[in-house]
There are 2 protein chains.
Amino acid sequence: MAVTIKDVAERVGRSITTVSRALNDYDDVNEKTRQRIKQVAAEMGYQPSSIAQQLRKRRTDTLGFIMPTYGPRFSDPFFSEFLAGVGNTAAKSGFDLLVATRPPGEEELDAYIRNIQSRRVDGFIIVRTRRNDPRITLLQEHNYPFAVFGRTEKHNNFPLVDENSELGMQLVVNHLVEQGHKRIGYIAAPEDLMFAQYRWQGFKTTLAAHKLPLNPAWVMRGDLTQRSGKRLTHQLLSLPEPPTAIVASNDLMAIGALTAAQELGLTVGRDVAITGFDDIPWSENTHPPLTTVRQPIYQIGALVTEMLISTIHGETPAKGRVLLQPSLIVRASSAPR
Amino acid sequence: MAVTIKDVAERVGRSITTVSRALNDYDDVNEKTRQRIKQVAAEMGYQPSSIAQQLRKRRTDTLGFIMPTYGPRFSDPFFSEFLAGVGNTAAKSGFDLLVATRPPGEEELDAYIRNIQSRRVDGFIIVRTRRNDPRITLLQEHNYPFAVFGRTEKHNNFPLVDENSELGMQLVVNHLVEQGHKRIGYIAAPEDLMFAQYRWQGFKTTLAAHKLPLNPAWVMRGDLTQRSGKRLTHQLLSLPEPPTAIVASNDLMAIGALTAAQELGLTVGRDVAITGFDDIPWSENTHPPLTTVRQPIYQIGALVTEMLISTIHGETPAKGRVLLQPSLIVRASSAPR
DNA sequence: AGTATAAACCAAAACGTTTTGGATGTCAAG
DNA sequence: CTTGACATCCAAAACGTTTTGGTTTATACT
């Protein structure tokens, strides 16, 4: 068995109380004793049992992150970067990270309930908010700390970070209009995802601001994968009067769109413009490179984690609601006509 | 505060012992009492405190996974897929997953030590083995359960999964030779990574089997990123007598190589062949699509997790050492000449 | 000498479980 | 009426900490 505080206490001939207090730098222990205790503890390789500590301190110093995964071969570049942001920030504040992967739905919610009721973590990080998000409802009912990436329709009396998607889309549409495009199509994200709404709003509004028509036939809805981007683009470009530019609501679908356009013998950037949203690393190296909107995922992960830790500590986070400004990355997929 | 076993006990007018035994289906409690206890527990939303359970049971039912991350904007498609395999398998056996992100080195090893000494997890999952891997040394010294993805040079008396990289490279080289290539270059991975060795071995051996020359000038060493793949390919193709095919030891570098070749005005697949290794999702959609070797990352993650859980349970895993057979995926980047 | 003050230490309680080793009551058999 | 056997229950210990509320001893001050 591992070495416990009792072993150390016996070794130095002091009580476990004194050992504990020495190691935690209380000032009611003699300096010499403290030195000796610290030395012996180090020699013996003593580390307090985190479990016993958690039980006694009534906190776990652990954050929960349940990743919504779609399908088994799940490989979303979003998550590894976000995870790095969360993990590094948590570690900096002495927090551990408990990660699980669940498809959205009942199983997912069960995981939340069990983790709450068994007090396994001190709080949760929520990503990819959905309409009427059941995770948020649940956590609020239980009065459990959490922080969110992605706006919601509810009263936001909880810490939240989001990108300004409307602005992002506005930048995209403005850019396309500058390039002379007048027939602009759109590939939307699944309706229940909150960001789908905001991006769509931004698109629609900006189009209207330019007094450009919004042909319903030019609007498709995909499931965020390349495959669906490709399929829908095939449809769009086969219309009698196809759009000259296609705005996809994420990079993966835009990349699928690139493929589709090329399969139809079109040169992207000249015959048709295609744009994405997210700026995943891949987008820099597509053919042609993809015009897109950059979201600083790593920083968002870090920020949302800081906010969660503040609320766990009982502080109201300095900023309760942050809207980050995205930037347009212009690349060859929307080159001047 | 959350509801404890004591609350349930008081509510049903039984001792906490009886409640505990009822919920755990011991047979020394009256069937009626059990029913009632279970019902009340459910109504009250009682879940045993996982921490108290862990303390008492002397196990955490938690696996540790410390991801070696290079640099802050870290986004390796390998990890999200692997993580999904690990996470889902762990959940199936009732294990949680504690994830951390550390750059290889001292900090990383510290994290292992602390987690071991504070008995935070029951075992570790190790990936991307390195030469003389200090993580393995450490875990063996402490006699701590772990399972590994990637072979090592030590006696393997621990569970281990790897792909047969030699075979993978053999398939690649055979394929290129069939296409008539005689001058084949190589972009190696960092020397301290074990898989770098095996892939290099496979390459070298197969070349020799075909009695083909191995010009030292055609061998470069990269750091697994696109950037280095691109840079090194520039160098390779600028040689007075450049190779006609370039074998990269992972997909990301191969993708960098594609870019470099195109920048030099070459048509990949016709003027020069380029191959990768891993078959990340991206590789299917490069221009041209990348010939590569498929590793079933998700399954590997699942398998290595099963093995770890077996060893934690004190069983010797059914198969202590698994070598998976990769398959060659031929795409246009190595089209017939 | 007596008393207040400070320094150094510690026993015991508490956190919420599971498990050990009975205790109690009932019923049937002798 | 006694004895066993069985069913049902439970008090207490243990897991390894931290914290509370002390006690003891030495020192300084009247």
Side-chain angles (χ1 to χ4, degrees), chain A residues 1-38 40-41 44-62 94 96 114-122, chain B residues 1-38 40-41 44-62 94 96 114-122:
Chain A
M1 260 321 266
V3 23
T4 76
I5 198 174
K6 208 172 141 200
D7 301 326
V8 179
E10 276 166 13
R11 183 78 169 282
V12 298
R14 286 287 180 282
S15 74
I16 61 168
T17 305
T18 302
V19 173
S20 173
R21 312 208 99 214
L23 294 176
N24 289 294
D25 285 324
Y26 280 70
D27 62 1
D28 64 350
V29 14
N30 182 286
E31 197 46 37
K32 273 199 176 152
T33 327
R34 181 200 314 288
Q35 301 282 346
R36 173 146 167 65
I37 288 179
K38 284 198 171 172
V40 170
M44 300 178 74
Y46 169 72
Q47 276 283 4
S49 150
S50 63
I51 298 169
Q53 267 184 331
Q54 291 176 31
L55 183 59
R56 168 66 224 209
K57 291 186 165 171
R58 263 156 304 241
R59 55 191 168 86
T60 63
D61 287 345
T62 303
D96 289 325
R114 254 205 309 284
N115 278 304
I116 293 172
Q117 293 187 339
S118 67
R119 286 132 288 169
R120 186 76 225 262
V121 298
D122 291 341
Chain B
M1 258 323 264
V3 25
T4 76
I5 198 174
K6 208 170 141 200
D7 301 327
V8 180
E10 276 166 13
R11 183 79 169 283
V12 297
R14 286 286 180 281
S15 73
I16 62 168
T17 306
T18 302
V19 173
S20 171
R21 315 209 90 201
L23 294 176
N24 289 293
D25 284 325
Y26 280 71
D27 62 0
D28 64 350
V29 14
N30 182 286
E31 196 45 38
K32 274 201 176 149
T33 330
R34 181 200 313 290
Q35 302 282 348
R36 174 146 165 66
I37 288 179
K38 285 199 171 174
V40 170
M44 300 178 74
Y46 168 70
Q47 275 285 359
S49 149
S50 64
I51 299 170
Q53 266 183 332
Q54 291 176 31
L55 182 60
R56 168 67 223 209
K57 291 187 166 172
R58 264 157 303 243
R59 56 194 167 82
T60 63
D61 287 345
T62 304
D96 290 325
R114 253 204 310 283
N115 278 303
I116 293 172
Q117 294 186 337
S118 67
R119 283 133 289 168
R120 186 79 225 262
V121 298
D122 291 341

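Chain letters run A, B, ... following the sequence lines, proteins first, then strands; residues in each count from 1.
The shortest heavy-atom contact between A:L55 and B:I51 is N-CG2, 3.6 Å. Shortest non-hydrogen contact noted between A:A2 and A:D7 is O-OD2, 4.1 Å. Contact detail for B:D61 and B:D122: the closest heavy-atom pair is N-OD2, 2.7 Å.
Of the listed nucleotides (D:dT18, C:dC10, D:dC9), D:dC9 has the atom at the smallest distance from the side chain of B:V29. Among the nucleotides C:dT17, D:dT17, D:dC15, the one closest to any side-chain atom of B:L55 is D:dC15. Closest contact between the side chain of B:A52 and the listed nucleotides C:dG16, D:dT17, C:dC10 involves C:dG16.
To the nearest angstrom, C1' of D:dT17 lies 7 Å from OH of A:Y46. Whole-Å rounding puts the B:K6 NZ to D:dC10 P distance at 15 Å. When rounded to the nearest whole Å, the span between CZ of A:R58 and P of C:dA13 equals 16 Å. Following rounding to the nearest Å, B:I5 (CD1) and D:dC15 (C1') show an atom-to-atom distance of 15 Å. The nearest whole Å value for the distance from the NZ atom in B:K32 to the P atom in D:dA7 is 17 Å. As a whole-Å value, the separation of A:I37 CD1 from D:dT17 P is 14 Å. For the pair B:D27 CG and D:dC6 P, the interatomic distance rounds to 13 Å; values are reported in whole Å. Between the CD atom of B:Q54 and the P atom of D:dG16 there is a distance of 13 Å, given to the nearest Å.
When the side-chain nitrogen and oxygen atoms of A:N30 are compared with OP1 and OP2 of C:dA7, none of them lie within a distance under 4.0 Å. Between A:Y26 and D:dT20, a side-chain N or O to OP1/OP2 separation shorter than 4.0 Å is absent. When the side-chain nitrogen and oxygen atoms of A:T33 are compared with OP1 and OP2 of C:dC9, one or more of them lie within a distance under 4.0 Å. Residue A:S49 places none of its side-chain N or O atoms closer than 4.0 Å to OP1 or OP2 of D:dT17. Taking side-chain N and O atoms only, B:Q53 has a distance below 4.0 Å to OP1 or OP2 of C:dT18. Phosphate contact (OP1/OP2 of C:dT17, side-chain N/O of B:S20, threshold under 4.0 Å): absent. Proximity of B:T4 to the phosphate of C:dG16: no side-chain N or O atom is located under 4.0 Å from OP1 or OP2. Put simply, B:N24 has a side-chain N or O that comes within less than 4.0 Å of OP1 or OP2 on C:dT18.
The nearest heavy atom of DNA chain D to A:R21 and to A:I16 marks one nucleotide each, and the one closer to the 5' end goes with A:I16. Between B:K57 and B:D28, the residue anchored closer to the 5' end of DNA chain D is B:D28, taking for each the nucleotide with the nearest heavy atom.
For the pair A:K38 and A:D25, the salt-bridge criterion is met [side-chain N within less than 4.0 Å of a carboxylate O].
Between the side chain of B:S15 and the base of D:dA11, no donor-acceptor pair of N or O atoms lies under 3.5 Å. Residue A:R56 places a side-chain atom within donor-acceptor reach of the base of D:dT18, judged by atom type and a 3.5 Å distance cut-off alone.
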Evaluate A:T62 against B:R120 for side chain to side chain contact (heavy atoms under 4.5 Å, CB included), listing each step before the verdict. CA-CA 11 Å; A:T62 303; B:R120 186 79 225 262; 3.0 Å; yes
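In this model, a donor atom of one side chain and an acceptor atom of the other lie less than 3.5 Å apart for B:S15 and B:T18.
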